[in-house]
Amino acid sequence: DLARSMGNTINSAAQLDLGIPEVVAAMETLVNTGLSADESATSLNAFLVTVLDASTGQGEAAKAAKQLGLEFNATALRTKGLSKVMEDML
């Protein structure tokens, strides 16, 4: 359900101090790649939850980012912005 997925995504974004315009822009980018709105919200939320975990040093993402020399945490989101952090992951 899109409303639930969006609610979860907005909640995760709020925990990372991301604004709604940045979340909507990221979702728009994902929809333009062919994902449905629900898939986009779910995927973006999974990404944000991974960043939250990495910010506390938990999860495989934190380990992988460190090995690759990438900044993958809440601080990176605040300083670089969501689109740049996502771009860095590609």
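Partner of Leu35 under the side-chain contact (heavy atoms from CB on, under 4.5 Å) criterion, out of Val31, Asp38, Thr33: Thr33 alone. Each of Leu44, Leu18, Val49 was compared with Thr9 under the side-chain contact (heavy atoms from CB on, under 4.5 Å) criterion, and only Leu44 meets it. Residue Leu82 forms a side-chain contact (heavy atoms from CB on, under 4.5 Å) with just one option from Thr29, Val51, Leu16, Leu77, and that option is Leu77.
Atom CE of Met27 sits about 10.5 Å away from atom CD of Glu39, to the nearest 0.5 Å. Here Ile20 contributes atom CD1 and Ile10 contributes atom CD1; the two are 4.5 Å apart, rounded to the nearest 0.5 Å. Note that OG of Ser40 and CD of Glu28 are 10.5 Å apart. Values are rounded to the nearest 0.5 Å. We find the NZ-CE distance between Lys80 and Met86 to be 14.0 Å, quoted to the nearest 0.5 Å. In this structure, Asp53 CG and Glu60 CD are separated by 11.0 Å, a value rounded to the nearest 0.5 Å. For the atom pair CG (Asn73) and NZ (Lys66), the distance works out to 12.5 Å, reported to the nearest 0.5 Å.
For Ser55 against Ala74, the heavy-atom pair with the smallest separation is OG-N, 2.6 Å.
Formation of a donor-acceptor pair under 3.5 Å by the Ser12 side chain with backbone atoms of Leu48 is not found in this model.
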